[in-house]
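Below is one structure, written out as structure tokens; comments come after it.
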2 protein chains.
Amino acid sequence: MEHRCENCIIRQFNSLRALNKEELKKVSDSKTSKRIKKGDALFIEGQKLDGVFCVRNGVSKLSKLSSNGKEQIVKLTNRGEIMGQRSVIAEDFTNLSATAISDMEVCFIPKEVISNILNTNPYFSLEVLRHMAHDLKEADDVIVNMSQKTVKQRLAEAFIYLKNNYGEDENGFISLTLSRDDYANIVGAATESLIRMISEFKKKGLIKTEGKKIGIVQECTLQELADGF
Amino acid sequence: MEHRCENCIIRQFNSLRALNKEELKKVSDSKTSKRIKKGDALFIEGQKLDGVFCVRNGVSKLSKLSSNGKEQIVKLTNRGEIMGQRSVIAEDFTNLSATAISDMEVCFIPKEVISNILNTNPYFSLEVLRHMAHDLKEADDVIVNMSQKTVKQRLAEAFIYLKNNYGEDENGFISLTLSRDDYANIVGAATESLIRMISEFKKKGLIKTEGKKIGIVQECTLQELADGF
DNA sequence: TCTAAAACATGATAATTGTCAGTTTTTACA
DNA sequence: TGTAAAAACTGACAATTATCATGTTTTAGA
């Protein structure tokens, strides 16, 4: 037997908390659980989704391929987030691809169930709206950073963001391990440029590395760097 | 006597079309109309809004100041759009400033009225949600463009976007006239760099200028340029 | 209509970032 | 566990874009 949404803590972190008992039962009865392996895709840009994903565990990247073939990571999802909402609500193709960055456990909820609740429960709509408002604000911030900050500043910011959002292990390394390529695709730079910058940060003693793992050594200096001194 | 929302065509273009008669009456009774002069602000980043603006006429820019003091324009609003929704829904400070780019006529609707309808009319919430989903998608596209395209590509794209969205006059100039500074703040570049690029485009016969006015001469070539050949 | 301020424009130069070419290290898996 | 592929890294160089300095044109308003 699978988990029941009624008993799932994750729900408290997303818009599903606005559901009443009957709605929750409907969701729980219709949902399916999936395990996604690191590197596998949840969905791909341009696809039509017939439901949303509720992330129980693991991290994924939302990215978009630009015409020159380079990937841009727009957002990393956290535990508890719902993915694919935008596409289901707008009845539109996904504009982003979602790929697991670590092994994931997700629940898939069919769109009919979601649409149905959206049409009848204004509190749920409002909750979804609040989350989307938050995403929109963050997207605006990213736009400003992309155009006004240097790659160096954006990288410094990324390290701090990752530390704050995913924590660090007992040795002071950021828990979420990303490839250099992923880092490049987050800050929007060539991989070689990014690798060089990591070397530079390391040489200056701002960060430490061990294989792919990266640890923040001087958070204050890094923050100052991100803010442009 | 002011205009009544019941008779306002603008409504059809935004989420207010989901309102029923009573709701519409409430909105109409509580709204106030305002004229905003070109260059004046509707609201400023960090402010708390106690309502939303419905744009009857005119164009405004939504922008954000970055830490280095440069402005980044995140979005231009069109006729019919509702502004300030995000802030009212999230009960948050505005993250953007709104400034009139042309003379504007707007209606201000107090947030209590909006919140009230959001809480009771799921169709309205859903409409707002759809609009916000659309904005979010556009924001994602801007992020990708900002990080993957060159200034030249972004500028070419901006010209085409402006032509398609605001049309052109009888002489083939884009109807919406922006300052070079505004153009720079849209594509995220230094004003000098942008001016140079306009000169270059003009020299190549892609565009024509007359004072501030800019007209597209070779749309196809411009489009190819935007796509990276 | 005169005048100061703002916007526009251009050149020279420097800083940032990307590209290409190649080497070394790590990883996956047959 | 050996090996091919992928990822990480480095150097040299080129392209893009920003900055500073300065001159010209346009605009707003006294």
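Letters go in sequence order (proteins before strands), and every chain restarts at 1.
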Without decimals, in angstroms, what is the distance between [X] [atom1] and [N] [atom2]?
{"X": "B:E71", "N": "C:dA7", "atom1": "CD", "atom2": "P", "value": "12 Å"}
{"X": "A:L155", "N": "C:dT16", "atom1": "CG", "atom2": "P", "value": "15 Å"}
{"X": "A:L194", "N": "C:dT16", "atom1": "CG", "atom2": "P", "value": "16 Å"}
{"X": "B:K38", "N": "C:dA6", "atom1": "NZ", "atom2": "P", "value": "16 Å"}
{"X": "B:D181", "N": "C:dC8", "atom1": "CG", "atom2": "C1'", "value": "10 Å"}

Evaluate the criterion side-chain contact (heavy atoms from CB on, under 4.5 Å) for residue pair B:L194 and B:T191; output intermediate values, then yes/no. CA-CA 5 Å; B:L194 182 115; B:T191 308; 5.6 Å; no
When you compare the side chains of B:S175 and B:E168, does any donor N or O come within less than 3.5 Å of an acceptor on the partner? no
Chain A vs DNA chain D, heavy-atom contacts under 4.0 Å, first-to-last nucleotide span, 5' to 3', is D:dA7 to D:dA12
For A:E200 and A:K204, what are the C-alpha separation, side-chain angles and deciding distance, and is it a salt bridge (Lys or Arg N to Asp or Glu O under 4.0 Å)? CA-CA 6 Å; A:E200 191 190 322; A:K204 285 188 182 161; 3.1 Å; yes
Under the side chain to side chain donor-acceptor pair (under 3.5 Å) rule, collect the residues that match up with [X], sequence neighbours excluded.
{"X": "A:S60", "answer": "A:T77"}
{"X": "A:E192", "answer": "none"}
{"X": "B:E138", "answer": "none"}

Only one of A:K61, A:K70, A:K64 passes side chain to side chain donor-acceptor pair (under 3.5 Å) with A:N185, and that residue is A:K70
Sorted by number, residues from residues 142-152 of chain B placing a heavy atom under 4.0 Å from DNA chain C are none
Tabulate below the donor-acceptor pairs under 3.5 Å that side-chain atoms of residues 36-49 of chain B make, not counting sequence neighbours, or state none.
unit_1 : atom_1 : unit_2 : atom_2 : d
B:E45  : OE1    : B:L65  : N      : 3.1
B:Q47  : OE1    : B:I44  : N      : 2.9

Which residues share a side chain to side chain contact (heavy atoms under 4.5 Å, CB included) with A:N171, sequence neighbours left out: A:D169, A:F173
How would you label the contact of A:T191 with the nucleic acid (heavy atoms, under 4.0 Å): base, sugar-phosphate, or nothing? nothing
Working to the nearest 0.5 Å, report the span between CD1 of A:I186 and CZ of A:R154. 11.5 Å
Here the gap from A:T177 atom OG1 to A:L162 atom CG, rounded to the nearest 0.5 Å, amounts to 10.0 Å
Got a sec? Which of residues 168-180 of chain A come in under 4.0 Å of DNA chain D, heavy atoms? A:S179, A:R180
For the pair B:S87 and B:D92, evaluate side chain to side chain donor-acceptor pair (under 3.5 Å) and give the outcome as yes or no after the intermediate values. CA-CA 5 Å; B:S87 165; B:D92 195 8; over 6 Å; no
Note the angle between the end axes of the helix from C:dT1-D:dA30 to C:dA30-D:dT1, five pairs defining each, rounded to 10 degrees. 50°
I'd like a table of atom pairs between the protein and nucleotides 20-27 of chain C - only N or O on both sides, under 3.5 Å - with the distance next to each one.
unit_1 : atom_1 : unit_2 : atom_2 : d
C:dC20 : N4     : A:E192 : OE2    : 3.3

Does A:K34 make a cation-pi contact with A:F108, if we ask for NZ or CZ under 6.0 Å from the ring centre and within 45° of the axis? yes
Extract all donor-acceptor atom pairs below 3.5 Å that involve side chains of residues 222-229 of chain B and protein atoms in other chains or at least two apart in sequence.
unit_1 : atom_1 : unit_2 : atom_2 : d
B:Q223 : NE2    : B:D227 : OD1    : 3.3
B:Q223 : NE2    : B:D227 : OD2    : 3.4

Determine, stepwise, if the pair A:D103 / A:R35 fulfils salt bridge (Lys or Arg N to Asp or Glu O under 4.0 Å). CA-CA 7 Å; A:D103 288 345; A:R35 278 164 194 280; over 6 Å; no
Solution key, residues 79-86 of chain B side-chain donor-acceptor pairs under 3.5 Å, sequence neighbours excluded:
unit_1 : atom_1 : unit_2 : atom_2 : d
B:R79  : NE     : B:R56  : O      : 3.2
B:E81  : OE1    : B:K75  : NZ     : 2.8
B:E81  : OE2    : B:K75  : NZ     : 3.2
B:E81  : OE2    : B:N78  : N      : 2.9
B:E81  : OE2    : B:N78  : ND2    : 3.3
B:R86  : NE     : B:N95  : OD1    : 3.3
B:R86  : NH2    : B:F93  : O      : 3.2

